[in-house]
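A short worksheet on the structure shown next.
Note on naming: letters A, B, ... go to the chains in the order of the sequence lines (proteins, then strands), and numbering restarts at 1 for each one. Predicted, not measured: the structure shown is a model, and the values here were computed from it.
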Amino acid sequence: MLDPKLIRNDLQFVADNLKKRGVIIDVAKLNAIEEQRKLLQVKTQELQNERNVRSKSIGAAKASGKNVEDLMKEVNDLGASLKETEEQFNKVHAELTAYLALLPNLTHESVPEGKSEEDNKQIRVWGEPIKFNFKPQDHVDLCVKKQWMDFETAVKLSKSRFVVLRGPLARLNRALIQFMLDLHTIEHGYQEINVPNIVNAASLYGTSQLPKNKEDLFALAGDEELYLIPTAEVPVTNTVRDEIVEADKLPIKYACYSACYRSEAGTYGKDTRGMIRQHQFEKVELVHIVRPEDSYAALEELTLHAETVLQKLKLPYRVMALCTADIGFAAAKTYDLEVWLPGQDRYREISSCSNTEAFQARRMNARWRNPATGKPESVHTLNGSGLAIGRTLIAVIENYQDEQGRIHIPEVLQPYMKGLKVIE
RNA sequence: GGAGAGAUGGCUGAGUGGUUGAAAGCGGCGGUCUUGAAAACCGUUGAGCUCGUAAGGGCUCCGGGGGUUCGAAUCCCUCUCUCUCCGCCA
C-alpha cells in the first residue's frame with residue numbers, strides 16, 4: 001500500500017512514478033473521490049459528536065429526575081441522518097481502499113527505466129561460463145535415464161510440473177538445503193525460522209499476493225479461506241504483522257527453508273522441459289525487517305548473502321537490476337541473481353532480492369518505535385531467495401558434469417554428502 | 001469430533017446499559033533522595049483517523065463482524081481464537 005498521505009498531498013508525483021511501470025492512474029478522478037471522502041468523513045464525525053453530546057445530556061437529565069422523552073425523540077431523528085451519512089462514507093472509503101490496494105509500489109530513483117525485461121541492467125558478473133571440451137547435457141538428459149529424476153512417476157502421482165527425486169540426487173538436494181541454512185545462520189547472522197506452509201488471506205494481503213495475484217496461488221478446498229504459500233516470504237514477513245517492534249530488536253534477519261507452491265497460471269508452454277518451473281519447489285528464503293534508513297544498505301547486504309551461496313558453490317552468475325517494467329508489484333528495487341546453465345547455454349534467474357520499503361509494512365501494520373519521535377512508524381521489509389533449491393540443484397548438475405555423465409560434488413557440499421565426491 | 005469456560009491497555013486484572021479510553025497492581029519513562037545503586041515518594045505512560053498554519057478540537061477502537069438502544073466494554077446474534085475435560089491421532 002502506498003502512503004495515503006502522499007496520495008493526498010502529491011498525487012501527481014505518484015502518478016508520474018507509476019507511469020514508469022506502465023501504470024496509468026486517473027489523477028482527476030482520484031482527487032474527486034478523495035475530496036468526497038474528506039467531506040463525508042467530516043460530516044459523519046460531526047454528527048457522531050452531536051449524538052454523543054446529546055446522549056450524555058440525557059443521562060444527566062435522567063439522573064436528576066427530569067423528563068427526557070423530548071430529548072430522546074430529538075436524538076432519534078439525528079440517528080437516521082447519521083446512519084445515512086455513515087453508509088455513504090463507508091462506501092467511498094471502501095472504494096478508495098480497494099483501489100489503493102491494487103496500486104503497485106513506487107520504484108526507487110536508482111531503478112532503470114524500461115519497457116520490458118530486455119531493459120534490465122547488468123550490475124556485475126561473477127565467474128565465467130565453463131568451456132567444456134565436449135557437448136554438455138542438460139539436467140534432464142543427465143539424470144532421467146539414471147532415474148534420479150523422474151517426471152513420469154510425478155505425473156502419475158500428481159500432474160505435470162512435478163518431479164520425483166531419488167537416491168544420490170535426493171540427497172544432494174537435501175545437502176543444498178543444509179549448506180545454505182548453515183551458511184546464513186552461522187556466517188551471515190540470520191535466525192533460522194520454520195513457519196506454516198498454509199496461510200490465511202490476511203497474510204497474503206500483507207505481503208501483497210492478494211488481492212491482485214490470486215490466480216498464482218493454490219487455494220485449499222473447504223469452508224475456510226486458506227492457501228498454500230507461494231514463498232516463505234509470506235509467513236515469515238507476516239510474523240511482524242500488527243506488531244510494534246522495539247528499536248533495539250532491529251534489524252531482524254530470518255532464514256527460512258520451506259516448500260513453495262505456485263499455480264504458474266499463464267505460463268503454458270514455458271519451461272516445460274525439466275525442473276526449471278515446477279508447481280512445488282523448495283527454497284531458502286531470507287527476510288529482513290529493518291529501520292527505514294537502513295533498508296538500502298540491507299538490500300545490498302541481503303543480495304551479497306545470496307551471492308555468497310553461488311560463490312561458495314563456484315557457480316558463475318550475474319546480478320541484474322530489474323527495470324521499471326519487470327519489477328514486482330511490492331518492490332521498490334529488485335536485484336535478480338542469474339546463474340549460468342550450460343544445458344541452456346544461458347543465465348537463468350535463481351534468486352530475486354527486493355526492498356519493499358514500507359509498502360508491505362503499511363499493508364501489514366508492521367511498525368517499530370522510533371526513539372527519535374517516540375512514535376510507532378512503519379518498518380521496511382526486504383526479502384530474497386538464498387537460494388531456490390531446485391534451480392541450484394540444476395545449476396550444480398549441469399556445471400559439475402563430466403564427459404561420462406557423472407556429476408562431481410562441489411567441495412562445500414561434500415561434508416553434507418558423507419564425503420562423497422562424485423555421483424554416477 | 002463431544003462437553004464446558006473464557007477473550008479488557010506492554011503484562012496481571014476490575015468493570016454487567018449513562019462524563020469509563022477504561023479502577024488497581026506490575027512493568028516503562030521522568031524527577032526527588034543517594035558518592036553510586038536499591039528502596040521509598042511524586043509525576044507520567046495505548047493506538048489509529050480527522051479538522052486546523054498553529055494553539056487546540058473532534059471521531060473510532062475493550063478478539064473480528066453484525067444487531068438492539070437516545071446511549072454498549074457491559075444486552076443479543078455470529079465468526080475466530082485460547083483454556084479445561086472426554087474421544088481420536090503423527
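- With a cut-off of 3.5 Å on both pairing distances, B:rG21 has no Watson-Crick or G-U wobble partner at all.
- Among the candidates A:E411, A:M180, A:E187, A:E307, the single residue satisfying the side-chain contact (heavy atoms from CB on, under 4.5 Å) test with A:K312 is A:E187.
- Between B:rU12 and B:rC62, the distance separating the two C1' atoms is 16 Å to the nearest Å.
- No side-chain N or O of A:E398 forms a donor-acceptor pair with one of A:Q344 less than 3.5 Å apart.
- Among B:rC59, B:rA47, B:rG52, the nucleotide with an atom closest to any side-chain atom of A:Q45 is B:rC59.
- Using N1 to N3 plus N6-O4 or O6-N4 for Watson-Crick, or N1-O2 and O6-N3 for G-U wobble, each under 3.5 Å, B:rA7 pairs with B:rU80.
- Remark: C1' of B:rG48 and CD of A:Q48 are 14 Å apart, rounded to the nearest angstrom.
- Ranked by how close their nearest RNA chain B nucleotide is to the 5' end, A:V53 and A:R367 are led by A:R367.
- What separates CG of A:D248 from P of B:rC29 is a distance of 11 Å, to the nearest Å.
- One atom, CG of A:N9, and another, C1' of B:rC51, lie 14 Å apart when rounded to the nearest Å.
- Protein atom CD of A:E86 is 14 Å distant from nucleotide atom P of B:rG65, rounded to whole Å.
- Put simply, CG on A:N370 is 13 Å from P on B:rA47, counting in whole angstrom units.
- A gap of 32 Å separates the P atoms of B:rG67 and B:rG13, to the nearest Å.
- Side chain of A:T237 to main chain of A:V234: no donor-acceptor pair is present (N/O by atom type, distance under 3.5 Å, no hydrogens or angles).
- Using atom P as the reference point in both B:rC70 and B:rA54, the two lie 39 Å apart (nearest Å).
- For the C1' atoms, the distance from B:rU32 to B:rU84 is 49 Å, rounded to whole Å.
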Self-check item: Worked verdict on A:K38 versus A:E35 for salt bridge (charged side-chain N to carboxylate O under 4.0 Å, His left out)
Solution: CA-CA 5 Å; A:K38 194 170 179 173; A:E35 197 62 31; 5.6 Å; no
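- Across all strands shown, B:rA72 forms no Watson-Crick or G-U wobble pair with both distances under 3.5 Å.
- A gap of 13 Å separates the P atoms of B:rU16 and B:rA7, to the nearest Å.
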Practice problem: Sugar-phosphate atoms are those with a prime plus P, OP1 and OP2; base atoms are the rest. Using that split, label each nucleotide of nucleotides 66-80 of chain B B, S or - for protein heavy atoms under 4.0 Å, 5' to 3'. | Solution: ----BS---------
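- Atom CD1 of A:I244 and atom C1' of B:rG48 are 10 Å apart (whole Å).
- When distances are taken from the side chain of A:K5 to each of B:rG58, B:rC51, B:rC49, the shortest belongs to B:rC49.
- Outside the 6.0 Å centre-distance limit, the rings of A:Y254 and A:H184 are not counted as a close aromatic pair.
- Both distances falling under 3.5 Å, in either a Watson-Crick or a G-U wobble arrangement, occur for no nucleotide opposite B:rG52.
- Across B:rG58 and B:rU20, the matching P atoms stand 16 Å from one another, rounded to whole Å.
- The phosphate of B:rG48 (OP1 or OP2) has no side-chain N or O of A:R362 nearer than 4.0 angstrom.
- A:Q41 places its CD atom 15 Å from the P atom of B:rG48, with the value rounded to the nearest Å.
- Summarising the base pairing, B:rU16 is matched to no nucleotide, lacking a Watson-Crick or G-U wobble pair whose two defining distances lie under 3.5 Å.
- Figure legend. B:rG27 is base-paired to B:rU45; pairs are counted as Watson-Crick or G-U wobble with both atom distances under 3.5 Å.
- As rounded to the nearest Å, B:rU60 and B:rA55 have C1' atoms that lie 24 Å from one another.
- In terms of position on RNA chain B, the residue among A:R8 and A:E50 whose nearest nucleotide sits closer to the 5' end is A:R8.
- Under the Watson-Crick or G-U wobble criterion, with both distances below 3.5 Å, B:rA39 has no partner in any strand shown.
- Contact check, A:K38 against B:rU50: no side-chain N or O comes under 4.0 Å of OP1 or OP2.
- In terms of the side chain to side chain contact (heavy atoms under 4.5 Å, CB included) criterion, residue partners of A:L157 (sequence neighbours excluded) are, by chain and number, A:T153, A:V164.
- B:rG1 is paired with B:rC86 under the criterion used here, namely a Watson-Crick or G-U wobble arrangement in which both key atom distances are under 3.5 Å.
- The cationic atom of A:R363 (NZ for Lys, CZ for Arg) lies less than 6.0 Å from the six-membered ring centre of A:Y205 and within 45° of the ring axis.
- Spacing between B:rU74 and B:rG63 at atom P, rounded to whole Å, works out to 8 Å.
- A:S258 and A:N197 share no donor-acceptor pair across their side chains, judged by distance under 3.5 Å alone.
- Between the CZ atom of A:R241 and the P atom of B:rA47 there is a distance of 21 Å, rounded to whole Å.
- Judged as a side chain to side chain contact (heavy atoms under 4.5 Å, CB included), and not counting sequence neighbours, the contacts of A:R262 are A:P230, A:T231, A:E264, A:F281, A:K283.
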